[in-house]
Amino acid sequence: MRSPATIEARGWGWRHAGRREWAVRGLDLRIEAGERVLLLGPSGAGKSTLLAGLAGLLDPSGGGESAGELLVDGLSPSAARDRVGILFQDPETQIVMARAGHDVAFGLENRCLPAGDIPARVAAALEAVEFPYGAERPTAALSGGEKQRLALAGTLALAPSLLLLDEPTANLDPDAAREVRSVVARAVDRLGATLVMVEHRVEAAVPLVERVVVIESGGVVADGRPAEVFAEHGDRLAEAGVWIPDLPLPLPPLRARPAPQTLLLAEQVSFTYPGGSQPALSGVDVGVRSSEALAILGPNGSGKSTLLLLLAGLLRPGSGAVVSGEALLSGHGGEPIWRWPASRLVEAIGTVFQDPEHQFLTGSVRQELILGPLRAGVARPVAERRADELLERLRLAALAAANPFTLSGGEKRRLSVATALATAPSILLLDEPTFGQDRRTWIELLLLLAALRDSGRAVAFVTHDLDFASALADASLQLINGHAAPRTDAALHPARS
């Protein structure tokens, strides 16, 4: 077993290629061997950049610029790569093989582990994360949360002396998130590794750590034991966007709304992915109504994202149908949504995918927001005005010229929401809209979506964030193993019933 790693930053900074602003600058920080640290800060503060730097993944030859020193056990991170394991914010960037077992083995093979030792390490890592399938499971058949669990198995299999976790439970349902945190705790105990974790579910993460470090604009603004940091700095940090345990979240204001009408109706829809042995969705009925928000809930792999894609007209049901309401397009109420041409879909339905990068098409944030309206026939001055308004509202104005693929995970999510809003659709469908958001941007998204709902738009969203569902949703649909069981308003808002 390796000894745990020591980390030191001395005036360290990094500027991404093509960016004017530094992601991190002037960072001074020391983490002792074996410490367990929760790294906090508002969205865009540089948390993920620091983790990438520690993992040796930032290369100035690619156009980025570094400053100061960043050391792992006194070595440059590139020289210490074999001591470090990292779980990225987006598991899609970490899964490279077609089968689950092969994916876990990939890192071990690259470390030149003896071939005879690899199968046992793979099996142990899959068991450690309670992976629900065998090693032969196709990675393309996994849900987002299942992919995250598999990526964690690949990281743990390396037995690193420094374990870096970038929001390890972001795509997991509450039960699975608890299981993964338990897995992480056991793994760190067994490895004796130094742990640095970025996590927005702060209250749940605190029991795993002994120290909290808060960074903002590159510098350390708070550092100490969790209880002391939150007691002394909690109000100021919350205002900056840092999640603080036990601090109440606001509810959107109550407004009069237009009478609801059904805009989309799914009738006994089922869907099985090519090569799948079981339906991802089976016999689901649900309506999406104007002036209402619908939360689609359920554990990982229950069919939530599949249902959202069916409602968006991006998948053809294996059986059943998704049709528009008469209020959406008069005279076409019975036509299946999947038959609509792209131009018609983009005008009526805005979709935010689980992976925001799947919908980025241009080289700058501002152009990304202008593109959709222009394709929908909106005049350029109107499209530009909408783009600028959304940039300000979602705190992306400073990033208007940045390449969308260089944003942080939370910034990418806000941009994906903004691109869906830019075409002013009647229906907004979102998959995990609060992923990667700090407290401030979470509240901004809540207020923005509530205002759209109250103006007469229809909002339906997939989420594991029960606080967000409780604050925004008027109704919910619970999915379990591809089957639906409606929930009542009282189930979403027990305190209000």
Side-chain angles (χ1 to χ4, degrees), residues 1-5 34 36 51-52 54-57 72 80-173 175-199 204-205 208-209 299-301:
M1 182 183 296
R2 291 176 174 172
S3 59
R36 303 180 184 186
L51 263 58
L54 290 169
L57 301 176
V72 177
R81 275 186 191 142
D82 67 342
R83 309 181 189 198
V84 181
I86 183 169
L87 176 64
F88 296 116
Q89 195 173 56
D90 178 4
E92 291 278 2
T93 63
Q94 198 157 343
I95 293 174
V96 296
M97 303 298 285
R99 302 284 175 181
H102 294 168
D103 198 79
V104 177
F106 182 78
L108 299 172
E109 292 166 347
N110 277 290
R111 298 275 176 93
C112 299
L113 198 76
D117 295 344
I118 290 177
R121 291 275 287 270
V122 169
L126 291 173
E127 182 180 359
V129 300
E130 299 180 16
F131 188 66
Y133 311 106
E136 293 301 309
R137 180 73 171 182
T139 54
L142 301 176
S143 71
E146 290 164 346
K147 288 177 181 177
Q148 197 159 17
R149 195 179 293 214
L150 178 63
L152 177 59
T155 302
L156 296 180
L158 301 173
S161 57
L162 171 59
L163 181 59
L164 307 172
L165 303 178
D166 196 343
E167 296 199 58
T169 65
N171 283 326
L172 300 180
D173 62 68
D175 289 339
R178 281 190 290 272
E179 293 169 3
V180 167
R181 285 191 293 270
S182 178
V183 167
V184 169
R186 292 195 300 270
V188 173
D189 285 340
R190 185 178 73 251
L191 295 172
T194 303
L195 172 67
V196 181
M197 177 169 59
V198 173
E199 178 61 89
L208 296 176
V209 302
N300 293 112

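Shortest non-hydrogen contact noted between Gly134 and Ala100 is O-CB, 4.1 Å. For Leu108 against Val122, the heavy-atom pair with the smallest separation is CD1-CG2, 4.2 Å. In plain terms, the two heavy atoms of Arg111 and Val84 that are nearest each other are NH2-O, 3.2 Å. Minimum heavy-atom separation, Arg149 to Val129: CD-O, 2.9 Å. Nearest heavy-atom pair, Arg36 versus Leu208, reported as atom, atom and distance to 0.1 Å: CD-O, 3.4 Å. Looking at every heavy atom in both residues, Leu54 comes nearest to Leu164 through CB-CD1, 3.8 Å.
In this structure the side chain of Pro138 reaches within 4.5 angstrom of the side chain of Arg99, judged on heavy atoms. Taking 4.5 Å as the limit, every side-chain heavy atom of Thr194 sits out of range of all side-chain heavy atoms of Leu163. No side-chain heavy atom of Leu156 sits under 4.5 Å from any side-chain heavy atom of Val104. By the 4.5 Å heavy-atom criterion applied to side chains, Leu150 and Tyr133 are not counted as neighbours. Looking only at side-chain heavy atoms (C-beta outward), Leu162 and Val196 come within less than 4.5 Å of each other.
Within a 6.0 Å sphere centred on CD of Glu109, other residues, nucleotides and ligands contribute more than 12 heavy atoms.
Within the model, atoms NE2 of His102 and CD1 of Ile95 stand 14.5 Å from one another, a figure rounded to the nearest 0.5 Å. Once rounded to the nearest 0.5 Å, the distance linking OG1 of Thr93 with NZ of Lys147 reads 11.0 Å. The distance from atom CG of Leu158 to atom CG of Asp82, rounded to the nearest 0.5 Å, is 10.0 Å. Rounding to the nearest 0.5 Å places CG of Leu152 at 5.5 Å from CG of Leu87.
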| task | Let me see the working for Arg137 and Asp103 under salt bridge (charged side-chain N to carboxylate O under 4.0 Å, His left out), right down to the final yes or no. | result | CA-CA 10 Å; Arg137 180 73 171 182; Asp103 198 79; over 6 Å; no

| task | For Ile86 and Asp166, run side-chain contact (heavy atoms from CB on, under 4.5 Å): C-alpha distance rounded to whole Å, both residues' side-chain angles, the deciding distance at 0.1 Å, then the answer. | result | CA-CA 8 Å; Ile86 183 169; Asp166 196 343; 5.7 Å; no

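Between the Glu199 side chain and the Ala204 main chain, no donor and acceptor come within less than 3.5 Å of each other. Between the Ser161 side chain and the Pro4 main chain, no donor and acceptor come within less than 3.5 Å of each other. Side-chain N or O atoms of Glu136 include none that pairs as donor or acceptor with a backbone N or O of Gly101 at under 3.5 Å. Judged by distance alone, with hydrogens and angles left aside, the side-chain atoms of Asn300 form a donor-acceptor pair with the main-chain N or O of Asp173 at under 3.5 Å.
Under 3.5 Å, the side chains of Arg186 and Ser182 contain a donor-acceptor pair of N or O atoms.
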